[in-house]
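Note: hydrogens, waters and symmetry copies are ignored here, and every other heavy atom, side chains too, is used. As the structure lists them, so they are numbered: ligands from 1, and atoms in each ligand from 1.
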Amino acid sequence: MIALVTDRDVRVGFSADASGLILVPDAVARPSSVDEVVDVLRQAGAERTPVTPAGGQTSTTAASITDRGILLSTRALDRILNIDVGARTARVESGVLIGDLQRALAPHGLFFAPDPTSDQECTIGGAIACNASGPRTLRYGATRVHVKGLTVALLGGQVIEVRRSRLEKNTVGYPPLQDLVDWFVGSEGTLGVVVAAELALLSKPAVEIGLAIPFADERQALAFVVTARESAAVSPRCLEFLDGEAAAIARGDGGASVWPADVGAVVYVEEARNDEPPLDAWLALAEAHGALTDAVNVFEGDGSLGVARRLRHAVPAQMHERAVRYREAGGRRISTDWAVPYSNLAAVISEVRARAAEAELIPPVIFGHAGNGHPHCNYIGRDAAEVRTIEAVVERTLRDVVGQGGTVAAEHGIGKIKAKWLPLQFDSTQQRMLRAVKRELDPLGLLAPGNII
Ligand SMILES: Cc1cc2nc3c(=O)[nH]c(=O)nc-3n(C[C@H](O)[C@H](O)[C@H](O)COP(=O)(O)OP(=O)(O)OC[C@H]3O[C@@H](n4cnc5c(N)ncnc54)[C@H](O)[C@@H]3O)c2cc1C
C-alpha cells in the first residue's frame, strides 16, 4: 500500500479547483503506477473510505475536490506509453497533460483533436472523465469520439479494459450496453479511475488560419455565427464569440497589436484545410453582417494561432482571478456552460442580459463556443448572498434552455455545484437509471461522492 499523505499542507494543496470552493480531503494518494492505484482502491473498498480521483484540478464544478476520504491524484501517472504514427493512435497514462501530448505528437504531424482551452493544465483522464471539448469541437467533436479504449481501476481494485467495437452493425441489447467506453467518458470519477487510455489521433491539416472579426454590436456578431454555420462557402473549424468585455480582456493580455480594440463583440473563426482557405468568402460574409472588416486580424501558422488561443484562454483565466478577491466574503465566479440549438443562442443571451440587469448584478461576461450554441456566461458574486441571487437567475435561464431542447451542462460536467440542476434535464426514469449504473459499478457509493448524483 502506498503511503497516504495526511500532512495538512499537502491536503490543502489539493483542496481547490477552478470552482471557487475549497474542500480539504482527509488524505491524499499520489500513485505512480497502476498497481499503486489498485492498492489504494482495494484498501479504500475494504475500509469503506470514499475516493475522489483528480487530474489537473481545473474543474469548474468542484468535481475534483472533496472533504470526504481520499483525494487520488493522477498527476504522477504521466507517461506517454506509445505513439503509433501509422495507426494514428497513442496510448497514454491518465495524468498526461493534453498540452504535453500535443507537443509529443507535433513532430509526427499528428494531433489529439479535443482542445479545452485549459489544455496546458488539464489531464487526459480529466478530459475523458468530463468528456471535455473546446473551440475546435465544432469540427472534430468532443473527447468521447476520440477515445478508442480505456484501462479503468474499479473500487475494490479490479482493473478492466474496455475497447470500442470495430463492428459496423450490432443489434444485441440496449445501445448504452454495446460500448462500455461510453460509460466512463463523462462519468466524472464516479464509476472508476481511468489509469490509461488509447486515443485516436488526426493528421495536421496543411493550412490553418484564424480570423478575429470585430463587430460594433453583439447581435450582429451572433447573426454572423448562424450564417457562417449554414454557409456552403466556408467550413469553420471553430466559431467563438467574445462579448465586448471578453474581447477587452483578451486584448489586455498582450493582444494589443493583434486583437481589435473598443468593439461590441469579436467572432474568432478558424478554418483548416489542405488547399487554399476561402479568405475572401469569410470577409464577404463578415461584411454582409456589418463587421468592422478594416479591423479584422488574420492568424496563420502555429505560432500565430497559438497567440490567438492564448488570448482566448485569458478570458476564463482572468474571470477566475477577478473572483478570487471575493472568496473571503463567500463570493465566487459562477460560470455556466449550458447550450441550446445554435440558432436560438442570440435570444437566450438577450434574456440573460435582461435578467442580470433586473437583479442588479455585475453584467456577466459572455464568451465561448457560439457555433455549437454553447456560450459561457461568467458572473461574479461578490458575497454569499449575491452568489445565491446569481444561482436563482441562472436556474431561470436553465429552465428556458431545457425547454428549448438544450442542456444545463455542455462541457464542464455536473460535478457537485450543478448536481442540483440535473433534475431539470433528466426525468425520474433517467435519474433511476443513472443511479442503477452507479450502484452496479460502485455499490458502496464510495467513488467521487457528491459528483453528478
Ligand atoms: C481556464 C479554464 C478553461 C477551461 N476551458 C475548458 C474548455 O474549453 N473545454 C472544456 O471542456 N473544459 C474546460 N475547462 C474545464 C476543465 O479544464 C476540463 O473539464 C478538464 O477536462 C478537466 O481536466 P482535469 O485534469 O483538470 O480534471 P480535474 O479537474 O482534476 O477533474 C475533473 C473530473 O474528472 C475526474 N477525473 C480526473 N481524472 C480522472 C481519472 N483519471 N479517472 C476518473 N476520473 C477522473 C475528477 O474526479 C473530476 O470529476 C476549463 C477550465 C478552466 C479553469
**Prompt:** Does a sphere of radius 6.0 Å around NZ in Lys438 hold more than 12 heavy atoms from other residues, nucleotides or ligands, not counting ones at 6.0 Å or beyond?
**Reply:** yes
**Asked** Could an N or O of ligand 1 be found under 3.5 Å from any N or O of Glu188, whether backbone or side chain?
**Response** yes
**Request:** Flag Ser59 as yes when one of its N or O atoms lies below 3.5 Å from any N or O atom of ligand 1, and as no otherwise.
**Result:** yes
**Message:** When you compare ligand 1 with Glu411, is there at least one nitrogen or oxygen pair between them that comes in under 3.5 angstrom?
**Reply:** yes
**Asked** Which residue holds the protein heavy atom closest to atom 31 (O) of ligand 1, what is that atom called, and what is the gap in Å?
**Response** Ser64 CB, 3.4 Å
**Side chain, backbone, both or neither: Thr190 near ligand 1, heavy atoms under 4.0 Å** = neither
**Message:** So, taking the atom named OG1 in Thr66 and the one named CG in Asp26, what distance separates them when rounded to the nearest 0.5 Å?
**Reply:** 8.0 Å
**Request:** Can you establish whether the number of heavy atoms outside Glu440 located under 6.0 Å from its atom CD is more than 12?
**Result:** no
**Request:** Kindly identify the option in Gly413, Pro53, Ala129, Ala127 whose heavy atom sits closest to atom 34 (O) of ligand 1.
**Result:** Ala129
**Asked** Which residue owns the protein heavy atom closest to atom 43 (C) of ligand 1, what's the atom, and how far is it?
**Response** Gly192 O, 3.4 Å
**Per-atom contacts, ligand 1 versus Val194 - under 4.0 Å to a heavy atom** = 40 (C), 41 (N), 42 (N), 43 (C)
**Which of the ligand 1 atoms, numbered from 1, are nearer than 4.0 Å to a heavy atom of Ala18** = 53 (C)
**Item:** Best match, Leu447, Asn131, Thr58: closest heavy atom to atom 17 (O) of ligand 1
**Value:** Thr58
**Prompt:** For ligand 1, which atoms, with element, lie under 4.0 Å from some heavy atom of Ala132?
**Reply:** 11 (O), 21 (O)
**Request:** List every atom of ligand 1 that sits less than 4.0 Å from any heavy atom of Val193, numbering the atoms from 1 in the order shown and giving each element.
**Result:** 42 (N), 43 (C)
**Request:** Carefully, step by step, assess Tyr342 and Glu230 under the rule side-chain hydrogen bond (donor to acceptor under 3.5 Å, both in side chains).
**Result:** CA-CA 11 Å; Tyr342 65 86; Glu230 295 173 356; 2.8 Å; yes
**Message:** Name the residue from Asn372, Val225, Val226, Leu222 that meets the side-chain contact (heavy atoms from CB on, under 4.5 Å) definition with Leu345.
**Reply:** Leu222
**Aromatic plane relationship, Tyr268 with Trp259 - under 30° parallel, 30 to 60° tilted, over 60° perpendicular** = tilted
**Protein heavy-atom partner closest to atom 9 (N) of ligand 1 - residue, atom, separation in Å** = Ser133 O, 2.6 Å
**Message:** Starting from atom 50 (C) of ligand 1, what is the nearest protein heavy atom, named by residue and atom, and what distance separates them?
**Reply:** Ser118 OG, 3.5 Å
**Request:** May I have the step-by-step check of side-chain hydrogen bond (donor to acceptor under 3.5 Å, both in side chains) for His412 and Thr60, ending in yes or no?
**Result:** CA-CA 7 Å; His412 289 179; Thr60 61; 2.8 Å; yes
**Complete:** Min over Leu150, Leu97, Thr123, Val315 of heavy-atom distance to atom 25 (O) of ligand 1 lands on Thr123
**Fill in**
Taken to the nearest 0.5 Å, the spacing of Leu77 CG from Thr74 OG1 works out to 6.0 Å
**Prompt:** Among protein heavy atoms, which lies nearest atom 13 (C) of ligand 1, and at what distance?
**Reply:** His412 NE2, 3.3 Å
**Message:** Out of all atoms in ligand 1, which are within 4.0 Å of some heavy atom of Gly125? Include the element for each.
**Reply:** 38 (N), 39 (C), 41 (N)
**Request:** Mind telling me whether His374 and His369 have parallel, tilted or perpendicular rings, with 30° and 60° as the class edges?
**Result:** tilted
**Prompt:** Quick one: which of Thr117, Asp115, Leu191 has a heavy atom closest to atom 8 (O) of ligand 1?
**Reply:** Thr117
**Asked** Numbering the atoms of ligand 1 from 1, which are under 4.0 Å from a heavy atom of Ala54?
**Response** 30 (O)
**Complete:** of all protein heavy atoms, closest to atom 27 (O) of ligand 1 is Gly126 CA, 3.5 Å
**Request:** If you have a sec, work out which protein heavy atom is nearest atom 32 (C) of ligand 1 and how many Å separate them, to one decimal?
**Result:** Cys130 SG, 3.6 Å
**Asked** Do Arg11 and Arg8 come within less than 4.5 Å of each other through their side chains, counting heavy atoms only?
**Response** yes
**Request:** Apply side-chain contact (heavy atoms from CB on, under 4.5 Å) to the pair Leu72 and Val193, showing each step before the final yes or no.
**Result:** CA-CA 9 Å; Leu72 186 154; Val193 179; 4.3 Å; yes
**Item:** Phe241-Phe367 aromatic ring centre distance below 6.0 Å
**Value:** no
**Atoms of ligand 1, numbered as shown, that sit under 4.0 Å from any heavy atom of His313** = 1 (C)
**Message:** As an exercise, identify every atom of ligand 1 less than 4.0 angstrom from a heavy atom of Thr74.
**Reply:** 41 (N)
**Request:** Considering only non-hydrogen protein atoms, determine which one is nearest to atom 23 (O) of ligand 1 and report residue, atom name and distance to 0.1 Å.
**Result:** Cys122 CB, 3.3 Å
**Side chains of Thr58 and Glu121, donor plus acceptor under 3.5 Å** = no
**Check ion pair Glu218-Arg353 (N to O, under 4.0 angstrom)** = yes
**Message:** Check for me whether His320 has a heavy atom closer than 4.0 Å to any atom of ligand 1.
**Reply:** no
